[in-house]
Chemist: 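Below you'll find the structure I mean.
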Protein chains: 2
Amino acid sequence: MRLVIAKCSVDYIGRLTAHLPLATRLLLIKADGSISIHADDRAYKPLNWMSPPCRLEELEGQWRVVNKAGEELRITIEDILHDTSHELGIDPGLVKDGVEAHLQELLAAAPETLGPGFTLVRREYMTAIGPVDLLCRDGAGATVAVEIKRRGEIDGVEQLTRYLELLGRDPLLAPVTGIFAAQEIKPQARVLAEDRGIRCVVLDYNALRGVQKDELTLF
Amino acid sequence: MRLVIAKCSVDYIGRLTAHLPLATRLLLIKADGSISIHADDRAYKPLNWMSPPCRLEELEGQWRVVNKAGEELRITIEDILHDTSHELGIDPGLVKDGVEAHLQELLAAAPETLGPGFTLVRREYMTAIGPVDLLCRDGAGATVAVEIKRRGEIDGVEQLTRYLELLGRDPLLAPVTGIFAAQEIKPQARVLAEDRGIRCVVLDYNALRGVQKDELTLF
DNA sequence: TGGTCAATGTCGGGT
DNA sequence: ACCCGACGTTGACCA
């Protein structure tokens, strides 16, 4: 990893055109060849960047980065104030807990959370337009499609609606009802869902984890 | 801006929980108080970060970053290999060209691109569920809602469908037809749109710019 | 490779 | 502060 503080201007010509006027910035060159240009604010986002795979051609006062798609970053260097390189090695990577996949896992292990007598048919039930998070049967044996979100918003309701429309045409499954399950459901999403006859269920991650733990202690 | 290369492990407790095992990484501390932790790959995304506003408390071998929402980043420092600070000043900021706003601007100036006799009623026509990109009238005087995208995908069709449903209930506007206009329209989005009676129009950014330029030269 | 979806999405604008 | 939509979204996963 190479860290360069430089007075520079930048032009990007690719999916759009963008220009950065002359100023002092951080140029962050990584071992995979990627480069990002940071100002002294916004933790997350560089002002400009080029993702790998790409190639950096370093000329006098003019750096040029190009990728396969023909996108180009042109960095005009006025002055270099700092230039150091550091050996970092391969990172062991990030371990996450609490994302949607875990909610799905926990709910698949405890479908009765959604209603009495609920049983799981399949997780990630494939359809032509994408996978349904959970396919269940309710206490009466009717098919229920479940869309799981961390935060339930309108997009999620639309997604579930598309699945319901498709699944409802399958005579082996019809009639199919829907459940929109999330840790938090935005009011507008709830209105839209209920207007379409989709039941909303608010999930408690810790409680679900507790349920699973209790079940584990049975063995 | 402060650049630290350190052997560290990191824990994030917030919207989710995440852990980074011990390794050498870049800690990027910006003037606005934000911090991001980078490995030697992936141009764009840090492994971990905290967005401003947040506060960094620096103890012996243990950094702690917290924000208003109670999210926390705990950085355990094993060894510091590099530590420099640099004055960057305020960045003049990025100038973009070719984003959706420009497409909308150009199309608003040349509504006849969408069909003979088309006229503009309003850009960003407000509704209860959000702004319609363009509201037009066709050659026969009927209302047309136009959704503009750089890349037309299913989400955009859903969005336009919601607007059409709402606008169609307004007796002053009804009946309302829809146009899905984009520089590129994905096949699945086209199928969905046309299935719902929405016309698809592929836009040529350069041609549109040409039209506008021609009009400008008339004056 | 292309399609679909999640994300600690981030960011900006309007109400 | 909430809501909504764009983003060079990025990134992962699966057919």
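Just so you know, these numbers use all the heavy atoms, side chains as well, and skip hydrogens, waters and symmetry mates. Protein chains get the first letters and strands the later ones, always in sequence-line order, with residue 1 at the start of each.
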Chemist: Starting at the 5' end of DNA chain D, which residue's closest nucleotide do you reach first, A:Trp49 or B:Lys45?
Modeler: A:Trp49
Chemist: Checking A:His86 now: which residues fulfil ring-ring contact (aromatic ring centres under 6.0 Å, His included) with it, not counting sequence neighbours?
Modeler: B:His82
Chemist: Throw together a table of side-chain donor-acceptor distances under 3.5 angstrom for residues 184-194 of chain B, partners on residues two or more places apart or in other chains.
Modeler:
residue: B:Arg190; atom: NH1; partner: B:Glu194; partner atom: OE2; Å: 3.4

Chemist: Test of understanding: with side-chain hydrogen bond (donor to acceptor under 3.5 Å, both in side chains), list the residues that count as partners of A:Thr24, not counting sequence neighbours.
Modeler: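 Listed in chain order: nothing, the list is empty.
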Chemist: Base, sugar-phosphate, or nothing for B:Tyr163, non-hydrogen atoms under 4.0 angstrom?
Modeler: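 Result for B:Tyr163 = sugar-phosphate.
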Chemist: Tell me whether A:Glu147 is salt-bridged to A:Lys149, with the criterion being a basic N under 4.0 Å from an acidic carboxylate O.
Modeler: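 Looking at A:Lys149 together with A:Glu147, the answer is yes, because their closest N to O distance falls below 4.0 Å.
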Chemist: Listed by chain and number, what are the side-chain hydrogen bond (donor to acceptor under 3.5 Å, both in side chains) partners of B:Asp32, not counting sequence neighbours?
Modeler: B:Ser34
Chemist: Can you give the dot-bracket line for DNA chain D, using ( ) for pairs inside the strand, [ ] for pairs that cross earlier ones, | for pairs with another strand and . for unpaired bases, where Watson-Crick and G-U count if both distances are under 3.5 Å?
Modeler: |||||||.|||||||
Chemist: Below 3.5 Å, can you tabulate the donor-acceptor pairs from side chains in residues 36-52 of chain A to any protein atom, sequence neighbours excluded?
Modeler:
residue: A:His38; atom: ND1; partner: B:Lys30; partner atom: NZ; Å: 3.0
residue: A:Asp40; atom: OD1; partner: B:Ala31; partner atom: N; Å: 2.8
residue: A:Asp40; atom: OD2; partner: B:Met1; partner atom: N; Å: 3.0

Chemist: Can you tell which of D:dG5, C:dA6, D:dG11 lies closest to the side chain of A:Asp133?
Modeler: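 Among the listed nucleotides, the one closest to the side chain of A:Asp133 is C:dA6.
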Chemist: What are the residues of residues 182-194 of chain A, sorted by number, that bring a heavy atom to within less than 4.0 Å of DNA chain D?
Modeler: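 DNA chain D contact set from residues 182-194 of chain A: A:Lys186, A:Pro187, A:Gln188.
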Chemist: Determine whether a donor-acceptor pair (N or O, by modelled atom type, separation under 3.5 Å) exists between the side chain of A:Arg199 and the backbone of A:Leu114.
Modeler: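 Pair found, side chain donor or acceptor close to backbone of A:Leu114.
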Chemist: Heavy-atom contacts under 4.0 Å between residues 151-160 of chain A and DNA chain C, which residues?
Modeler: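 Heavy-atom cutoff 4.0 Å gives A:Arg151, A:Gln159.
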Chemist: Any residue in residues 7-24 of chain A with a heavy atom nearer than 4.0 angstrom to DNA chain C? Just list them by number, or reply none.
Modeler: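 By residue number: none to list.
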Chemist: Can you tell me which residue pairs pass the salt bridge (Lys or Arg N to Asp or Glu O under 4.0 Å) test with a partner in residues 155-175 of chain B, sequence neighbours excluded?
Modeler: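 Matches after skipping sequence neighbours: A:Glu158-B:Arg162, A:Arg162-B:Glu158, B:Glu158-B:Arg196, B:Glu165-B:Arg169.
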Chemist: In a table with atom names and distances, give each donor-acceptor pair under 3.5 Å that connects a side chain of residues 91-102 of chain B to protein atoms at least two apart or in another chain.
Modeler:
residue: B:Asp91; atom: OD1; partner: A:Arg25; partner atom: NH2; Å: 3.1
residue: B:Asp91; atom: OD1; partner: B:Gly93; partner atom: N; Å: 2.8
residue: B:Asp91; atom: OD2; partner: A:Arg25; partner atom: NE; Å: 2.5
residue: B:Asp91; atom: OD2; partner: A:Arg25; partner atom: NH2; Å: 3.2
residue: B:Asp97; atom: OD1; partner: B:Tyr205; partner atom: OH; Å: 3.0
residue: B:Asp97; atom: OD2; partner: B:Arg209; partner atom: NH1; Å: 3.4
residue: B:His102; atom: ND1; partner: B:Gly98; partner atom: N; Å: 2.9
residue: B:His102; atom: ND1; partner: B:Val99; partner atom: N; Å: 3.3

Chemist: When you measure from the side chain of A:Thr177 to the backbone of A:Val144, do you find a donor-acceptor pair of N or O atoms at a distance under 3.5 Å?
Modeler: no
Chemist: Tell me the salt bridge (Lys or Arg N to Asp or Glu O under 4.0 Å) pairs involving residues 1-23 of chain A, sequence neighbours left out?
Modeler: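 Of all non-adjacent pairs touching residues 1-23 of chain A, those that pass salt bridge (Lys or Arg N to Asp or Glu O under 4.0 Å) are A:Arg2-A:Glu58, A:Arg2-A:Asp83, A:Arg15-A:Glu71.
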Chemist: Let's see if you can work this out: which of C:dC11, D:dT10, C:dA6 has an atom nearest to the side-chain heavy atoms of A:Lys149?
Modeler: C:dA6
Chemist: Tell me what A:Glu147 touches on the nucleic acid: a base, only sugar-phosphate, or nothing, going by heavy atoms under 4.0 Å.
Modeler: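 Sugar-phosphate, backbone atoms only, no base.
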